[in-house]
Amino acid sequence: MLAEFAIGFILFIICYSIFINRIRGLPPGPVPLPLVGNLLSLSNEAAKDLLRLSKKYGPVLTVWMPQPVVVITDSKVLHESIIRGGDTFGDRPQSSSHLIQMFDPYGAGWKEQRRFSFQSFKEVGFLGAEFRSLVSNYAQEVILNWKRTAAKDELVDVTECLQSAVSNVMWRLTFGRTRPMKDPFFKHISEVTHRLSLSIIHPCVILSDAIPFLHRIDFLLGNPLKTAENCRQEALEITKQELLRIESSCSEDEPTRCYVQAFLNEIEKRSPSGTSDGNFTRDQLLLSATSHWIAGIETTVTTLRFGIHFLCRQPEVQRKMQEEIDERIGQREIFMEDQKHLPYCMATILEIQRLANVGQLNFFRLTNKDSVIGGHHIPAGSTILPQFPSVHVDSDVFDHADELNPDRFLNDEGAFVKDPRVTPFSMGVRACPGEGLAKMELFLLLTSITQHLTFSNPDSTPSKLLIDYGLTKSLEPFTVKITAR
């Protein structure tokens with residue numbers, strides 16, 4: 001009798017697993033395993049793994065991570081649903097542990113916070129002349145530092161100077177000040193961000209929502225949940241120190257110079273008595289400010305590092321960039337207005353973003369009402385993964401998708417053509433609010449350093465691409481040979 005019961009139970013589990021998506025009215029997908037779902041089907045190359053699954057189950061599929069997630073990998077369906085659907089896909093699923101959720105707001109308050117971010121960025125002029133000049137000045141400092149090293153015939157790890165430049169721009173926007181180039185502080189915040197990125201993709205962290213019991217046995221598993229929370233707290237502590245400095249040094253009559261000042265002014269305007277008002281509290285400021293610098297520094301620095309690596313690996317692309325700059329700009333400073341004069345450079349930057357694919361997984365979204373995605377009826381409250389990064393590596397979309405080919409974004413007349421299928425900043429109501437600043441940094445830094453310097457691999461052969469996989473991809477340390485032009 002016991003054996004029959006066991007066999008029956010096993011058959012029930014197998015049948016339930018096979019038909020679970022159909023039972024719950026979800027799109028088709030791979031059969032999930034108990035507790036872990038389909039996580040074992042995902043490797044470090046998650047964008048390619050999800051693309052591979054979509055070729056079997058369709059461009060709208062269900063992948064259990066370990067809870068059911070509706071994954072979209074088709075560019076047309078993504079545009080029809082995520083962009084045209086607007087607020088339907090604007091929310092985020094809540095994480096009970098706050099580790100996977102991290103700093104991104106969810107619920108009714110996120111719209112107000114997003115509007116305020118755009119408003120405050122505009123108030124401090126983050127796309128205006130001051131910030132354009134700031135980025136250009138740091139580009140020149142980077143060039144000067146690397147020229148000094150090149151004169152000594154030493155190899156260069158490009159990370160330090162790029163971190164200093166990008167971090168200073170973000171620190172100026174968020175906290176209203178900058179630091180000296182090569183300040184050890186920038187290496188520290190990069191290390192904190194990197195540890196955080198690695199810790200929150202640990203299997204125990206990912207599974208902690210589905211299996212809350214993991215919190216109780218965390219110490220038996222090597223404390224991955226505690227490590228992730230410690231990394232989170234370390235990032236928050238960096239922001240706390242900056243907030244204390246600003247609150248102690250800024251006066252009410254001082255012009256607003258940064259996001260934090262704008263937020264503090266809004267708190268005061270809404271709550272002159274000092275009581276909290278909805279979303280505008282010091283706790284929310286701590287989370288929002290931390291989110292800004294974490295999201296705005298590491299991804300841009302990583303993309304620039306990938307760009308230099310690709311230029312070393314394919315010197316003919318670097319040479320074409322330099323020829324275009326020499327012909328149309330000469331030796332004068334490059335400005336944002338020069339984008340229209342540098343179509344090949346623009347195409348190269350977009351292709352670097354596509355191929356680098358720094359964010360392999362988009363962030364989860366939550367449907368707030370019933371919807372239709374690619375012909376599938378999706379109920380309200382479903383978790384959605386708009387997998388734009390998988391489009392970037394799809395050979396059915398981009399010929400030889402694993403190769404750097406800027407020409408794919410040039411028309412027959414040689415003009416740059418923006419491809420809507422390349423979306424490194426995501427799209428829709430949850431698109432990256434710092435997209436404009438990141439594009440400015442990528443354009444001014446990459447074109448300026450290429451104008452004055454030539455990069456090559458030390459042994460004159462293509463180096464192997466070594467990648468660390470966390471929440472985002474990053475290159476392991478590497479050195480290049482730099483020659484002044």
Side-chain angles (χ1 to χ4, degrees), residues 132 135-159 161-162 165-166 300-356 403-418 422 438-463 465 475 478-485:
R132 291 198 299 269
V135 176
S136 294
N137 289 341
Y138 279 119
Q140 297 308 312
E141 283 202 51
V142 170
I143 292 166
L144 184 61
N145 269 277
W146 287 347
K147 279 187 173 180
R148 290 192 189 118
T149 306
K152 300 175 185 176
D153 200 28
E154 296 177 355
L155 299 180
V156 177
D157 182 342
V158 299
T159 307
C161 282
L162 293 177
V166 174
T300 302
V301 171
T302 299
T303 302
L304 289 166
R305 294 179 69 222
F306 266 106
I308 291 175
H309 173 85
F310 292 149
L311 295 181
C312 289
R313 196 171 66 180
Q314 294 185 226
E316 69 279 4
V317 173
Q318 183 175 191
R319 184 172 61 253
K320 288 182 180 179
M321 286 182 68
Q322 292 170 334
E323 289 173 352
E324 182 177 71
I325 293 170
D326 292 346
E327 178 183 341
R328 303 190 180 191
I329 305 298
Q331 290 299 305
R332 71 164 173 81
E333 182 179 341
I334 297 175
F335 303 103
M336 287 299 292
E337 293 77 11
D338 291 318
Q339 291 179 91
K340 60 181 178 291
H341 302 306
L342 300 172
Y344 188 82
C345 290
M346 292 292 292
T348 301
I349 292 170
L350 187 63
E351 178 70 340
I352 287 169
Q353 291 178 283
R354 182 198 68 80
L355 188 57
E403 297 178 5
L404 184 76
N405 179 20
D407 291 332
R408 69 173 90 242
F409 302 126
L410 299 174
N411 63 17
D412 293 340
E413 287 72 41
F416 171 62
V417 180
K418 175 72 169 72
V422 182
K439 285 182 174 179
M440 181 196 302
E441 291 174 312
L442 290 174
F443 175 75
L444 291 177
L445 283 165
L446 272 174
T447 56
S448 296
I449 62 179
T450 306
Q451 179 186 33
H452 294 282
L453 305 167
T454 297
F455 302 91
S456 59
N457 289 312
D459 56 1
S460 74
T461 59
S463 60
L465 193 62
L475 282 168
F478 68 98
T479 58
V480 297
K481 180 180 180 181
I482 296 179
T483 306
R485 300 184 70 226

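Since the model is a prediction, treat every value here as computed from it, not as a measurement.
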* Asked: If you round to the nearest 0.5 Å, how far is CZ of Arg328 from CD of Glu324?
  -> 5.0 Å
* To do: Would you give the length of the straight line joining atom CE of Met440 to atom CG of Leu445, rounded to the nearest 0.5 angstrom?
  => 11.0 Å
* Glu351 side-chain N/O to Asn405 backbone N/O, donor-acceptor pair under 3.5 Å -> yes
* Structure fact -> Shortest non-hydrogen pair, Thr447 vs Cys345, comes out as CG2-CB, 4.0 Å
* To do: Mind checking the CG-OG1 spacing from Asp407 to Thr348? Nearest 0.5 Å is all I need.
  => 8.0 Å
* Side chain Arg305, main chain Val158, donor-acceptor under 3.5 Å -> no
* To do: Any chance you could measure Gln331, atom CD, to His452, atom NE2, to the nearest 0.5 Å?
  => 5.5 Å
* Is there a side-chain contact between Arg132 and Glu337 (heavy atoms, below 4.5 Å)? -> yes
* Asked: Can you check whether Val156 reaches Phe455 side chain to side chain, under 4.5 Å on heavy atoms?
  -> no
* Asked: If you look at every heavy atom in Ala347 and Leu410, which pair is closest and at what distance?
  -> CB-CD2, 3.9 Å
* What's the shortest heavy-atom distance between Cys161 and Val142, and which atoms? -> O-CG2, 3.8 Å
* **Candidate pair Ile449 and Ile308, rule side-chain contact (heavy atoms from CB on, under 4.5 Å), full reasoning** => CA-CA 10 Å; Ile449 62 179; Ile308 291 175; 4.1 Å; yes
* Asked: Are side-chain heavy atoms of Leu446 and Ile352 found at a separation under 4.5 Å?
  -> yes
* Is the backbone of Leu453 close enough, under 3.5 Å, to the side chain of Gln322 for a donor and an acceptor to pair up by distance? -> yes
* Do Tyr138 and Val166 come close enough that some side-chain heavy atom pair is under 4.5 Å? -> no
* Asked: With a 4.5 Å heavy-atom cut-off, do Ile349 and Gln339 have their side chains touching?
  -> no
* Asked: When rounded to the nearest 0.5 angstrom, what distance separates CG in Leu342 from CD in Glu327?
  -> 10.5 Å
* **Glu403 (side chain) donor-acceptor with Leu355 (main chain) under 3.5 angstrom** => no
* **Heavy-atom donor-acceptor pair, Glu333 side chain to Ser136 backbone, under 3.5 Å** => no
* Closest approach of Ser448 to Ile143 (non-hydrogen atoms, all atoms of both residues) -> O-CD1, 3.4 Å
* Any sub-3.5 Å donor-acceptor pair from Gln451's side-chain atoms to Ile325's backbone N or O? -> no
* May I ask you to check whether over 12 heavy atoms, not counting those of Asn411, lie within 6.0 Å of atom CG? => yes
* Asked: When you look at NZ of Lys481, are more than 12 heavy atoms from neighbouring residues, nucleotides or ligands closer to it than 6.0 Å?
  -> no
* Starting at CZ of Arg485, measure out to NZ of Lys147 and round the result to the nearest 0.5 Å. => 10.0 Å
* To do: Find out whether Phe409 and Lys418 are in side-chain contact, i.e. whether some heavy atom of one side chain is under 4.5 Å from a heavy atom of the other.
  => no
* Asked: Looking at side-chain heavy atoms only, is the closest gap between Leu311 and Val317 below 4.5 Å?
  -> yes
* Asked: Is there a donor-acceptor contact under 3.5 Å from the side chain of Asp338 to the main chain of Phe335?
  -> yes
* Residue pair Asn457 / Phe478, side-chain heavy-atom distance below 4.5 Å -> no
